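Per chain, numbering begins at 1; letters A, B, ... match sequence-line order. Note that the coordinates shown come from a computational prediction; the quantities given were computed from them, not determined experimentally.
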Protein chains: 2
Amino acid sequence: MIQLAKELGLSVSTVSKALGDSHEISASTKKRVLELAKKYKYKPNPFASNLRKKKGKQIAVIIPDIVNNFFALAVDGIESVTMSKHYDTFIYLTHENLEREKAVLEHLENGLISGLIISVSTGREGYSHFQDFYETTKLPLVFFDRVPDLLQFPKVITNNYESSYEATARLIKAGSKRPVLVTTTEPMYTSVERRRGFQDALEKNGIGFSDEMIIHCTDDMDLNYSIMRKIFSQKKRPDGIFASIEKYAITSYQVCKDLKLVIPKDVRVIGMTNLRTAALLNPSLSTLAQPAFDMGKEAAGLLIKMIEKKSYAAANEIIVLPNELTIRDSI
Amino acid sequence: MIQLAKELGLSVSTVSKALGDSHEISASTKKRVLELAKKYKYKPNPFASNLRKKKGKQIAVIIPDIVNNFFALAVDGIESVTMSKHYDTFIYLTHENLEREKAVLEHLENGLISGLIISVSTGREGYSHFQDFYETTKLPLVFFDRVPDLLQFPKVITNNYESSYEATARLIKAGSKRPVLVTTTEPMYTSVERRRGFQDALEKNGIGFSDEMIIHCTDDMDLNYSIMRKIFSQKKRPDGIFASIEKYAITSYQVCKDLKLVIPKDVRVIGMTNLRTAALLNPSLSTLAQPAFDMGKEAAGLLIKMIEKKSYAAANEIIVLPNELTIRDSI
DNA sequence: TGCTTTTACGAAAACGTTATAGCAGCAATT
DNA sequence: AATTGCTGCTATAACGTTTTCGTAAAAGCA
């Protein structure tokens, strides 16, 4: 910038203001400055700028996992808006590890970013680290999908209750007398809602709910397999599965295949998943897909609005997007 | 830091050096400083630090796509090492768009990062933007998987030639007389190598190669479908597929399903993919999987070495990892 | 005309670090 | 006893911006 100023016979401040399109600078000088800047491919140093302005155009995304179509799509959605708004996007993966999540959050208290998008890792032991982060940094944060229900922050979620209700009703309509919900052991906001939908659908359709209709799976795929295999080996085995998580749908298929249970004759399956191969499974899997890309887009849009307009800071807006049910041959 | 210095009766420089674990500072003062810093949860401002040091602990990853198991796994691998080395990772998606790739690269000339990991978007029109980026920034960059073969940069790749050769040989051994390679229209280094392996395997096994044994697919899934459907509707249709890209394997299955061609009786299929659902497809898909996670790890490890040790700067190291062939029912 | 206001710019002080150079005080060497 | 060399610390000048304040000149107004 000093170089530019010298060459133009201007002061550094004038050049800075011209580049910042300040009203204090005449149109003609602005033009001169812009042109020379372009000629020299001058790019303002973001560190100096951020240091002085005490904020920058960098945000962070914290998610449990990226090797998962849902989160990959969400990141895609987020990136599409940060890219267009000229923001840089950091990515941090927690691998469902609460300690890691806390560590990342604490790290980000150094002021590296101007905003944060999060989908929390499983476990509900405490959300205080989010609150702490907010207290100390006062930075805008937006949660999506896996949100901490107890905290007052802006969120982007789906109609988990309604769509679970609908999916369960479809299972029943397809002939299932003993449907089960396959869900996590760790209670999360999303799974609680999905369970509510499942349970209400049973009761509205005259099927009494009992606790063994919930199968709790873990993060350990092998363990999940044996849990489910055991349940489906019983005489009075379930005849319908609502797999509320992508990978549990896959396990369901494996178990049925190995136990020679025919889908959908013996067992009807709906999976909550964004798998692109759903239609190619044997038989093709009926899915309740989340609008992952759009959720990412909405979350990023909201965050940037909050960063740029102070007025938005207080927003504890909640955006609800609909899941999409696609019925295929597994039901 | 000023606050800390005051409270400890030290100068700011001493505090800074103590936090930086400088040898100039006695063990006892270091301890005092560290303790108070911890007590106040003091975190050095990265902008100030980066500005002064003229470099930081931020790197960028530029990839064509994230909604793809291969790249998602690679990012996972990258993040695992950047996380452990306390680096922050930016992510940029090009969506196979060369202009976007160039734009990102130009943007990053502002000095935001200290290193760069790239897998290039399709198209070979020119790699000069990478060279330009390097010339102006002198930053270390590491390419992985889709590498610009003509440029002298460190790279992490797989044994594309050998494993393609092997996969093709297996197709032939399984009875395929007329195998085809499904690949991109855009020539990339990886696809060229895969094609060489394919072609050599044919010739070594007494099957003459001809141009129609290469099916060129695009980024448009619908178009790909019609291209392949047309080819497989012919009388003298192929009886083996080596799908060199994840999504083309899926299209292959769709086409076979719709044309009532039985896999593996009528058509044998091997897909180059990291799909987790490969084993659950109908029939289970034989795959040539890339060590995506490890490639990411290696790339990030190499990059950080280059960033931290000046001596490494000249490295145009090439790391080759083996692909893994898993034979399932599709062959 | 004399006055105030506006316009277009410049000087200089931040922003929060780190690196360089310098300087006591003390020990070791000659 | 004089020189040299450590050790542990401080003062200060960067790093490259932005912003606040000040001020000439031009413009507006009575």
Side-chain angles (χ1 to χ4, degrees), chain A residues 1-34 36-37 40-58 86 88 107-114 136-138 308 310, chain B residues 1-34 36-37 40-58 86 88 107-114 136-138 308 310:
Chain A
M1 234 175 68
I2 294 173
Q3 167 79 1
L4 289 182
K6 252 186 204 147
E7 206 146 326
L8 290 164
L10 291 171
S11 77
V12 186
S13 16
T14 307
V15 173
S16 171
K17 284 174 187 168
L19 292 169
D21 199 30
S22 160
H23 64 274
E24 290 182 30
I25 307 299
S26 73
S28 61
T29 21
K30 271 182 194 169
K31 205 176 142 195
R32 285 206 306 142
V33 173
L34 266 310
L36 200 67
Y40 284 158
K41 292 190 179 186
Y42 164 80
K43 311 243 164 32
N45 179 315
F47 300 132
S49 168
N50 290 352
L51 174 59
R52 180 60 231 240
K53 294 200 295 190
K54 286 178 170 261
K55 70 167 175 170
K57 285 200 149 203
Q58 288 78 37
H86 304 290
D88 303 293
H107 167 65
L108 291 177
E109 285 181 359
N110 65 6
L112 188 60
I113 53 161
S114 299
T136 66
T137 65
K138 294 289 175 195
E308 295 183 351
K310 289 249 157 137
Chain B
M1 234 175 67
I2 295 174
Q3 166 80 359
L4 288 182
K6 249 184 205 151
E7 205 146 327
L8 290 163
L10 292 170
S11 77
V12 184
S13 14
T14 307
V15 174
S16 170
K17 283 176 186 168
L19 292 170
D21 199 29
S22 160
H23 63 274
E24 290 181 31
I25 308 299
S26 74
S28 62
T29 19
K30 271 182 195 170
K31 204 175 144 196
R32 285 207 305 141
V33 173
L34 266 309
L36 200 67
Y40 284 159
K41 292 192 178 183
Y42 164 80
K43 310 244 162 33
N45 178 315
F47 299 132
S49 169
N50 290 351
L51 174 60
R52 179 60 230 237
K53 294 200 295 190
K54 287 178 170 258
K55 70 167 174 171
K57 286 199 147 204
Q58 289 78 38
H86 303 289
D88 303 292
H107 167 64
L108 291 176
E109 285 181 359
N110 65 5
L112 189 61
I113 53 162
S114 299
T136 65
T137 65
K138 295 289 175 197
E308 295 184 350
K310 289 247 156 136

Rounded to the nearest 0.5 Å, the NZ atom of B:Lys17 sits from the OG atom of B:Ser11 at a distance of 7.5 Å
Which atom pairs link the protein and nucleotides 11-18 of chain C when you take only N or O atoms and keep those under 3.5 Å?
from: C:dA11; atom 1: N7; to: A:Ser13; atom 2: OG; distance (Å): 3.2
from: C:dA11; atom 1: N6; to: A:Ser13; atom 2: OG; distance (Å): 3.3
from: C:dA14; atom 1: N3; to: A:Arg52; atom 2: NH1; distance (Å): 2.9
from: C:dG16; atom 1: OP1; to: A:Lys54; atom 2: NZ; distance (Å): 2.7
from: C:dG16; atom 1: N2; to: B:Ala48; atom 2: O; distance (Å): 3.4
from: C:dT17; atom 1: OP1; to: B:Tyr42; atom 2: OH; distance (Å): 2.9
from: C:dT17; atom 1: OP1; to: B:Asn45; atom 2: N; distance (Å): 3.2
from: C:dT17; atom 1: O5'; to: B:Tyr42; atom 2: OH; distance (Å): 3.1
from: C:dT18; atom 1: OP2; to: B:Ser16; atom 2: OG; distance (Å): 2.5
from: C:dT18; atom 1: O2; to: B:Arg52; atom 2: NH1; distance (Å): 2.5

Measure the CG-OH distance between A:Leu19 and A:Tyr42 for me, rounded to the nearest 0.5 Å.
6.0 Å
Do B:Glu7 and B:Tyr40 come close enough that some side-chain heavy atom pair is under 4.5 Å?
yes
Under 4.0 Å between any heavy atoms, over every strand shown, what does B:Thr14 touch: base, sugar-phosphate, or nothing? Just pick one.
base
Measure the spacing between CD of A:Gln3 and CG of A:Leu8 and express it to the nearest 0.5 Å.
9.5 Å
For the side-chain contact (heavy atoms from CB on, under 4.5 Å) test, which of A:Val12, A:Asn45, A:Val33 pairs with A:Met1?
A:Val12
Touch check for B:Gly9, heavy atoms < 4.0 angstrom, all strands: base, sugar-phosphate only, or nothing?
sugar-phosphate
Presence of salt bridge, B:Asp88 and B:Lys57, under 4.0 angstrom
no
To the closest 0.5 Å, what do you measure between OG1 (B:Thr137) and CD (B:Glu109)?
6.5 Å
Find the bend of the helix from C:dT1-D:dA30 to C:dT30-D:dA1 as the angle between its two terminal axes (five pairs each), to the nearest 10°.
40°
So where does chain B start and stop touching DNA chain D, 5' to 3', when the test is distance under 4.0 Å to a non-hydrogen atom?
D:dG8 to D:dG16
Drop me the distance from B:Lys138's NZ to B:Thr136's OG1, to the nearest 0.5 angstrom.
9.0 Å
Distance check, rounded to the nearest 0.5 Å: B:Asn50 atom CG versus A:Leu112 atom CG?
8.0 Å
B:Ser13 versus B:Ser16, side-chain donor and acceptor atoms under 3.5 Å:
no
